[in-house]
Participant: 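Before I ask anything, here is the structure I am working with.
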Amino acid sequence: MTQDWGKRTKLVHHGARRSQYGEVAEAIYLTQGFVYPSAEAAEARFVESGADEFIYARYGNPTVAVFEERIAALEGTEDAFATASGMAAVSGALTSMLRAGDHVVSARALFGSCLYILEEILTRYGVEVSFVDGTDLDQWRAAVRPGTKAVFLESISNPTLEVIDLKAVSEIAHAAGAHVVVDNVFATPVFSRAVELGVDVIIYSATKHIDGQGRALGGVICGTREFIRKTVEPYMKHTGGALSPFNAWVMLNGLTTIDLRVRAQAASAQALAEALSGDPRLARVIYPGLSDHPQHDIAKVQMGGFGTVMAIDVAGGKEAAFKLLNALQVAVISNNLGDARTIATHPATTTHQRLPEDQKVALGITPGLIRLSVGLEDVADLIADIRGGLDMI
Ligand SMILES: *Cc1c(COP(=O)(O)O)cnc(C)c1O
């Protein structure tokens, strides 16, 4: 019956279980383990545990299971596995699927820790990784080959918001027999159409929009039941990247409002980007919802909205960018995203500080670039805040 529900109904109710007390809010099962009614029952559960039969919180937990079912219902995948953080999800999905001798093709514009996993960790265990410009389909075509086991990419890159054509890359990858693994944080599960575009494995840092209020770390891997239960689960349950029941409960409450929050934040991001476009003090305003964004047409087709993150490139470089940041009254200087608070980040000196200068240039991370994760404040206050910052330059 719940399959017929709309997304918002599922986000409020899907997967809910109630104990004998009939609690309204989901219970937090803050327990490491479970008591068996008999020795025979314990034996049977270790042979095969049925639905809602748990053994140990590293393997699974009732609160975590509700979160997994609800996010899978939102994303449209058969199943999901919750992890301790977004990075536990990225490393778990890739490491559980790959073995020595496999080849991976990855987009080059990646979150720093994702890049570390692909460049430093996987290669240490005999996986070969080729990097491509994710927006150039010819580079994907040239890089995949019969031994390519997976392609990896962020559907919208951080911090310059390039949008990769998921349908085209999936077709190229599948023709070579490779799985498509996408870090979909910037697209958000609200706007994602990844499943219908052919993506096999979809990963979120739940720390971002799923919590949405900057409180807890979490992550999730979404995919087929076969992949999640036969490949991911055995790896995760023995390596220990489980999501805590308390954080699962935080994320579950985040899902209840995610559709409302992300749509409101994206509408504000669009309004802020439009208000700042053409300001002579800005060299660039980057937002996939602007018609001058290089992949605006792709974003329109592959997402239900353009996301909550935008970027501005202050013409006066680092000094001017810092003046703007230090003048902000509403937005805070930090490095999370997807939060209810608007967050301003200077990637060149913080999140992407360690990148060599030539790579910063190649990725468009200029000294004046400021990433803005647009929150839930009144958009008029946000526009006034950024303009006030620009006036201080
Ligand atoms: C934040 C982020 C991650 C890592 O998530 P954590 O929850 O911090 O581990 C991975 N990918 C992208 C695109 C992110 O923004």
Side-chain angles (χ1 to χ4, degrees), residues 64 67 71 75 80-95 106-122 134 152-164 166 181-192 194 199 201-222 236 239-244 246-248 250-251 254-255 258 262 265 269 286 288 303 307-311 334-339 341 343-347 350-355 363 365 369 371-375:
V64 175
F67 170 65
I71 184 72
E75 189 62 38
F81 196 93
T83 58
S85 68
M87 289 323 303
V90 172
S91 63
L94 290 171
T95 316
S106 171
R108 192 176 289 111
L110 294 181
F111 184 72
S113 301
C114 293
L115 189 63
Y116 183 81
I117 288 173
L118 284 145
E119 212 168 25
E120 306 287 337
I121 299 182
L122 292 178
F152 181 78
L153 59 100
E154 292 174 15
S155 50
I156 305 181
S157 71
N158 172 32
T160 49
L161 309 173
E162 289 177 354
V163 181
I164 296 183
L166 295 181
V181 184
V182 170
D183 179 336
N184 215 24
V185 165
F186 279 62
T188 82
V190 169
F191 295 138
S192 173
V199 176
V201 180
I202 302 139
I203 295 165
Y204 292 102
S205 161
T207 317
K208 312 294 166 55
H209 303 84
I210 293 176
D211 174 359
Q213 286 154 85
R215 299 165 296 196
L217 283 177
V220 67
I221 305 166
C222 302
M236 292 304 302
T239 55
L243 182 64
S244 85
F246 182 81
N247 284 8
V250 171
M251 299 309 175
L255 284 181
I258 192 172
V262 165
Q265 287 169 253
I286 310 170
M303 307 195 316
T308 67
V309 182
M310 55 171 290
S334 190
N335 41 261
N336 190 25
L337 61 100
D339 196 296
R341 302 154 195 86
I343 293 175
T345 312
H346 188 250
T350 61
T351 53
H352 293 71
Q353 188 190 113
R354 286 180 305 125
L355 278 188
L363 294 174
I365 303 170
L369 192 77
R371 189 187 76 189
L372 295 167
S373 167
V374 179

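First listed ligand is number 1; within each ligand, the first listed atom is number 1. As the structure is a computational prediction, the values presented were derived from the model and not from experiment.
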Participant: Taking all heavy atoms of Met251 and all of Ala216, pick out the closest pair and write down the distance.
Facilitator: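 Closest heavy-atom pair between Met251 and Ala216: CE-O, 3.3 Å.
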Participant: Ligand 1: which protein N/O atoms lie under 3.5 Å from its N/O atoms?
Facilitator:
residue	atom	partner	partner atom	Å
ligand 1	5 (O)	Ser205	OG	3.0
ligand 1	7 (O)	Gly86	N	2.8
ligand 1	7 (O)	Ser205	OG	2.8
ligand 1	7 (O)	Thr207	OG1	2.6
ligand 1	9 (O)	Gly86	N	3.0
ligand 1	9 (O)	Met87	N	2.9
ligand 1	11 (N)	Asp183	OD2	2.6
ligand 1	15 (O)	Lys208	NZ	2.8

Participant: Mind checking what makes ring-ring contact (aromatic ring centres under 6.0 Å, His included) contact with His346, not counting sequence neighbours?
Facilitator: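 Partners of His346 by the ring-ring contact (aromatic ring centres under 6.0 Å, His included) criterion, ordered by chain and then number, come out as Phe322.
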Participant: Mind checking salt bridge (charged side-chain N to carboxylate O under 4.0 Å, His left out) for Asp183 and listing every partner two or more places apart, or none if nothing turns up?
Facilitator: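 Partners of Asp183 under the salt bridge (charged side-chain N to carboxylate O under 4.0 Å, His left out) test: none.
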Participant: Only counting residues at least two apart or in another chain, list the ones meeting side chain to side chain donor-acceptor pair (under 3.5 Å) with Glu75.
Facilitator: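 In terms of side chain to side chain donor-acceptor pair (under 3.5 Å), with neighbours along the sequence ignored, Glu75 is linked to Ser192, Tyr204.
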Participant: Ignoring hydrogens and geometry beyond distance, is a side-chain donor-acceptor pair present between Asn336 and Arg341 at under 3.5 Å?
Facilitator: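 Result is no, nothing qualifies.
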Participant: Looking only at side chains, do Ser155 and Asn184 share a donor and an acceptor under 3.5 Å apart?
Facilitator: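 Judged by distance alone, the side chains do pair up.
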